[in-house]
Amino acid sequence: RVETKTTLKKRRRRTTMNKLKARGEQNVSITPAHGGACNDALCGMTHDEAGQVESLDIEDGSALLCCDEKVETATTTGDGTATTTIDDVKSNAFLQRPVFGAPLWAWAQIVAAVLAISTAGIAFNQLPSIPPLRLASWRMQATSLVLCVPACREWGNLDSELKTKTCSKTTLQKLVFSGSCLGTHFGLWVVSLQSTTLAHSLLLVTCTPLVLAFGGYFLGFAVSTGELVGAALGVAGVAAVASDAGTRHRGTQKMEHAATWQGDIISLGACVAIIGYMVMGRQLRQWMPLFAYAFPVTLVSAVFLAAASAVLERGAIELEGQPGSLKRDSASHSSYTLLGWFFHLEYFWVITYLALVPGLLGHTGYINVLKHVSPLVVSTSLTAEPLLGALIGFFVGVADAPGVATGVGGTLILLAVVAVIVASANREAKG
């Protein structure tokens, strides 16, 4: 046990020095906060080892955890040597504490991601006149722009080996597949909202944990009974929430689409499509930095949706007015171009919100934690989206008060999330 802690401390100190060197510092030393020296020899490193820069993952701060240290950096300039000391780099072991097999910060990030994603429906409803595939494409375009800068930063810090691996044919194929799955999910989901009832769409599109659990079980993957029960319980909770949403939608005479088997199949297709995105994310995130993975996948999704919109929604710009005519005023024309969101102020703010909150904090957030938790746990957590969306909509004044069925469904969803998390942790603990 003592030997393990010592090894962990050496590794974290080594990573700290490598990261500082990667940022351009030439002479780096780490001094324990309690005094004394900690040179390369005491840290178990040679100068050659210290010079080997590890790939940087911006969200990973473990190198500075569990050890209070003083970090001294010295940079050499043309006028001489200037030394900068960073005193008392405090540990944050609390957030790294394992809880159900994953760091505590990962669970906090899942909560934040689910909350962020739950606001997407409200934002989408602010742009009801935009064709669904074009709207989904706009969101992916804006999210790609947000992810571009940190992705370039991570790429610059990658060593040559990881760059070669990232650019390999196999990795590129997986990135394109993941982005296509994400684009398909978003495209089918927004189309389903205009093809079937809200209740059916909510129910079927959030059946992902059920498909993952039972699909994995029949394919021979390790899935415990508790995970199967939890997944089924989560879908039952979503069904209760969706039934309440459907009833209230009819009561307020806002339902524009009847339930159709075509729309239901489209919703189920959106549910299945996101599985490929999650599975690829789980696999590639084991070695790829967060933004270096998320940016190309999101960009592929944006291109995929833009191409689909250009082919399938060419007639969507035939707006109100004379049948078959096109409105040529600048506002309507720019609204329906591939980059129309960027030139129309009303659309710009809504799409920017979708990129920063549901996109960056939401989807990128749960892709981040896929490095530590299974896709089944993440997808089960996301079954809380309809419940939270209904509550948020009520509090901001764009939805009716949730009914009794929503309360019952919400309780089932929370129980399902806890059941899957505990069962998954117990299965992994048993090996």
Side-chain angles (χ1 to χ4, degrees), residues 54-60 133 136-137 139-189 191 208 211-212 215-216 218-222 266 268-312 338 355 359-360 362-376 378-379 382:
E54 297 180 5
S55 64
L56 295 182
D57 200 346
I58 289 177
E59 88 285 352
D60 185 5
L133 295 180
S137 172
R139 171 179 170 173
M140 292 295 102
Q141 292 171 23
T143 306
S144 298
L145 291 177
V146 171
L147 297 175
C148 181
V149 174
C152 290
R153 180 183 173 187
E154 284 186 340
W155 179 259
N157 288 323
L158 286 179
D159 57 31
S160 58
E161 182 180 353
L162 281 180
K163 286 183 178 179
T164 302
K165 187 175 181 180
T166 301
C167 294
S168 67
K169 181 179 179 180
T170 301
T171 301
L172 292 178
Q173 288 175 341
K174 291 180 178 179
L175 290 173
V176 171
F177 175 75
S178 181
S180 300
C181 288
L182 179 61
T184 302
H185 165 75
F186 270 111
L188 292 179
W189 177 55
V191 170
T208 303
V211 177
L212 276 173
F218 288 115
L219 290 175
F221 292 100
I266 292 174
L268 192 59
C271 158
V272 174
I274 198 64
I275 295 177
Y277 172 63
M278 288 187 173
V279 171
M280 286 295 102
R282 171 71 168 175
Q283 183 180 133
L284 294 177
R285 279 287 291 126
Q286 298 303 314
W287 60 271
M288 286 189 73
L290 173 62
F291 297 107
Y293 167 78
F295 170 66
V297 168
T298 307
L299 183 61
V300 168
S301 173
V303 173
F304 178 87
L305 288 168
S309 175
V311 173
L312 301 176
L338 290 178
L360 180 63
H363 281 271
T364 307
Y366 78 68
I367 281 298
N368 181 28
V369 301
L370 281 175
K371 187 175 183 178
H372 304 279
V373 299
S374 69
L376 178 59
V378 172
S379 62
L382 290 174

Calculate, to the nearest 0.5 Å, the distance between atoms [atom1] and [atom2] belonging to [X] and [Y] respectively.
X	Y	atom1	atom2	result
T164	L158	OG1	CG	10.5 Å
C152	N157	SG	CG	11.5 Å
L172	F177	CG	CZ	15.0 Å
C271	I266	SG	CD1	14.0 Å

Which atom names give the shortest non-hydrogen contact between [X] and [Y], and what distance separates them?
X	Y	answer
L133	S309	CB-CB, 3.9 Å
A355	V146	CB-CG2, 4.1 Å
S379	L212	OG-CD1, 3.5 Å
M288	T166	CE-CG2, 3.9 Å
P289	E154	CB-OE1, 3.2 Å
A302	S144	CB-OG, 4.3 Å

Judged by atom type as modelled, is there a donor-acceptor pair below 3.5 Å linking the side chain of [X] to the main-chain atoms of [Y]?
X	Y	answer
S180	V176	yes
S301	C181	no
S168	K165	yes

Partner of F291 under side chain to side chain contact (heavy atoms under 4.5 Å, CB included), chosen from L360, N368, T298 =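 Only one option passes, and that is L360.
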Counting only heavy atoms not in E161, do more than 12 sit closer than 6.0 Å to its CD atom?
->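 At most 12 heavy atoms, drawn from other residues, nucleotides or ligands, come within 6.0 Å of this atom.
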Validation row: T208, L382 side chains within 4.5 angstrom (heavy atoms) =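 T208 does not reach L382 side chain to side chain.
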Would you give me the side-chain donor-acceptor pairs under 3.5 Å for residues 275-284, sequence neighbours excluded?
{"residue": "R282", "atom": "NH1", "partner": "L370", "partner atom": "O", "Å": "2.7"}
{"residue": "R282", "atom": "NH1", "partner": "V373", "partner atom": "O", "Å": "2.8"}
{"residue": "Q283", "atom": "OE1", "partner": "K174", "partner atom": "NZ", "Å": "2.2"}

Using the ring of each side chain (for Trp, its six-membered ring), is H363 parallel, tilted or perpendicular to Y366, with breaks at 30° and 60°?
->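 Because their plane-to-plane angle lies in the 30° to 60° range, the rings of H363 and Y366 count as tilted.
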Full working for side-chain contact (heavy atoms from CB on, under 4.5 Å) between F186 and I274 = CA-CA 9 Å; F186 270 111; I274 198 64; over 6 Å; no
